Asker: 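The structure under discussion is supplied below as structure tokens; questions concerning it will follow.
Quantities reported herein were computed from a predicted structural model and do not represent experimental measurements.
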Amino acid sequence: MAHTVHDTLGGAAVADILLWRNSYGSGVVLIGSSVLWLLFERGGYNVLAFVANNILLLVVILFFWAKSASLLNRPLPPIPELDISEESVLIAADEMHVLINRVFSVAHEIVIDGNIKTLISVVSSLWLISYIGSFFNFITLIYVGVLLSLSVPFLYEKFQAQVDEKLMTVHKIARSISAKVDIILKMIPSIHKQKTQ
């Protein structure tokens, strides 16, 4: 059964925003992220100072609201009971557990097993992240991610047949290159095999 792009993205409100089916929500995300990027990147405002100033303003407003409410016989500010459930913490801990174990597994493959293919994969991925990171700061990288998340799914849904055809061609080329690289890597003796001999 073929899934649509909407189903792949979860089929809910987030999918509607990413595919521009909820144009109001998509526009709010685009304009909001653009304003924040301009504020932090071009305006020179600091994220930490921004958060601290907003919390400071909120605390002062709530303090004076509560004091004036008691003097004027008005209701207190509606502050909800914020409590993180134990279930939410356990779910987050389970996710972190899986992620940390995966990192240790990759480290074990590289260090103990001497897996050169995994080493090359990790080194090239980290180098690529570092290379891309040298062009942008973190805020700009997040902004580019938001722009890509608002444009790529929409364009993919619109031109799915053409993109799938090109991706199949790229996949075949990548598979043939991967096979050649595997042959070369098999010629290199493994560190683990050298230790046992």
Asker: Say you draw a straight line from OG of Ser121 to CD1 of Ile110; how long is it, rounded to the nearest 0.5 Å?
Answerer: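 Between Ser121 OG and Ile110 CD1, I get 8.0 Å after rounding to 0.5 Å.
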Asker: Tell me whether the count of non-hydrogen atoms from other residues, nucleotides or ligands lying under 6.0 Å of CD in Glu87 goes above 12.
Answerer: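 Count not over threshold, so no.
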Asker: Is there a path from Val14 to Tyr156 through hydrophobic residues (I, L, V, M, F, W, Y) whose side chains come within less than 4.5 Å of each other?
Answerer: yes
Asker: Any chance you could measure Met168, atom CE, to Lys172, atom NZ, to the nearest 0.5 Å?
Answerer: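 NZ of Lys172 is found 5.5 Å from CE of Met168.
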Asker: At their closest point, which heavy atom of Val47 faces which heavy atom of Phe40, and how far apart are they?
Answerer: CA-CE2, 3.7 Å
Asker: So which pairs with a foot in residues 29-49 pass side chain to side chain donor-acceptor pair (under 3.5 Å), sequence neighbours left out?
Answerer: Ser34-Tyr143, Trp37-Thr140, Glu41-Asn137, Glu41-Thr140, Tyr45-Asn53
Asker: List in chain and number order the residues that pass salt bridge (charged side-chain N to carboxylate O under 4.0 Å, His left out) with Arg74, two or more places apart in sequence or in another chain; answer none if no residue qualifies.
Answerer: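 Checked Arg74 against salt bridge (charged side-chain N to carboxylate O under 4.0 Å, His left out); zero matches.
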Asker: I'd like to know if Phe50 and Val146 are part of one continuous hydrophobic network [Ile/Leu/Val/Met/Phe/Trp/Tyr, side-chain heavy atoms within less than 4.5 Å].
Answerer: yes
Asker: Between Ile116 and Ile177, is there shared hydrophobic-cluster membership here, with clusters defined by ILVMFWY side-chain heavy atoms closer than 4.5 Å?
Answerer: yes
Asker: How long is the span from the CG atom in Asn54 to the CG atom in Leu58, to the nearest 0.5 Å?
Answerer: 8.5 Å
Asker: How many angstroms lie between atom OG of Ser105 and atom CD1 of Ile100, to the nearest 0.5 angstrom?
Answerer: 13.5 Å
Asker: Decide whether Ile17 and Val35 are clustered together by the hydrophobic rule: side chain heavy atoms of Ile, Leu, Val, Met, Phe, Trp, Tyr closer than 4.5 Å, transitively.
Answerer: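 No, Ile17 and Val35 fall in different hydrophobic clusters.
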Asker: Under the ring-ring contact (aromatic ring centres under 6.0 Å, His included) definition, can you give me all pairs with a residue in residues 52-79, not counting sequence neighbours?
Answerer: none
Asker: Could you tell me whether the side chain of Ile120 reaches within less than 4.5 Å of the side chain of Val181, counting heavy atoms only?
Answerer: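 With C-beta onward as the side chain, the pair stays apart.
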Asker: According to ring pair (Phe, Tyr, Trp, His ring centres under 6.0 Å), who are the partners of Phe135, at least two apart in sequence or on a separate chain?
Answerer: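 In terms of ring pair (Phe, Tyr, Trp, His ring centres under 6.0 Å), with neighbours along the sequence ignored, Phe135 is linked to Tyr131.
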Asker: Consider only side-chain N and O atoms of Ser23 and Ser26, and report whether a donor and an acceptor are under 3.5 Å apart.
Answerer: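 Checked: Ser23/Ser26 side chains show no N/O donor-acceptor pair below 3.5 Å.
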Asker: Once rounded to the nearest 0.5 Å, what's the spacing between atom CG of Leu18 and atom CZ of Phe154?
Answerer: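 Reported value, rounded in 0.5 Å steps: 12.0 Å.
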Asker: Do any N or O atoms from the side chain of Ser130 and from the backbone of Leu126 form a donor-acceptor pair under 3.5 angstrom?
Answerer: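 Checking the backbone N and O of Leu126 against the side chain of Ser130, no donor-acceptor pair under 3.5 Å is found.
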Asker: Which atom names give the shortest non-hydrogen contact between Pro153 and Leu19, and what distance separates them?
Answerer: O-CD2, 3.4 Å
Asker: Test Leu141 against Ile132 for side-chain contact (heavy atoms from CB on, under 4.5 Å), laying out the working first.
Answerer: CA-CA 9 Å; Leu141 198 58; Ile132 291 171; 4.1 Å; yes
Asker: Would you say Leu30 and Leu147 make side-chain contact, with heavy atoms under 4.5 Å?
Answerer: yes
Asker: Does Ala174 offer a backbone N or O that forms a donor-acceptor pair with the side chain of Ser178 under 3.5 Å?
Answerer: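 Side chain of Ser178 to backbone of Ala174, a donor-acceptor pair under 3.5 Å: no, none is there.
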Asker: Sequence neighbours excluded, which residues qualify as salt bridge (charged side-chain N to carboxylate O under 4.0 Å, His left out) partners of Asp182?
Answerer: Lys117
Asker: Going hydrophobic residue to hydrophobic residue with side-chain gaps under 4.5 angstrom, can you get from Leu155 over to Val29?
Answerer: yes
Asker: Can you measure from OG1 (Thr118) to CG (Asp113) and round to the nearest 0.5 angstrom?
Answerer: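 CG of Asp113 is found 8.5 Å from OG1 of Thr118.
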Asker: Which residue pairs pass the salt bridge (Lys or Arg N to Asp or Glu O under 4.0 Å) test when at least one of the two sits in residues 142-166, sequence neighbours left out?
Answerer: Arg21-Glu157
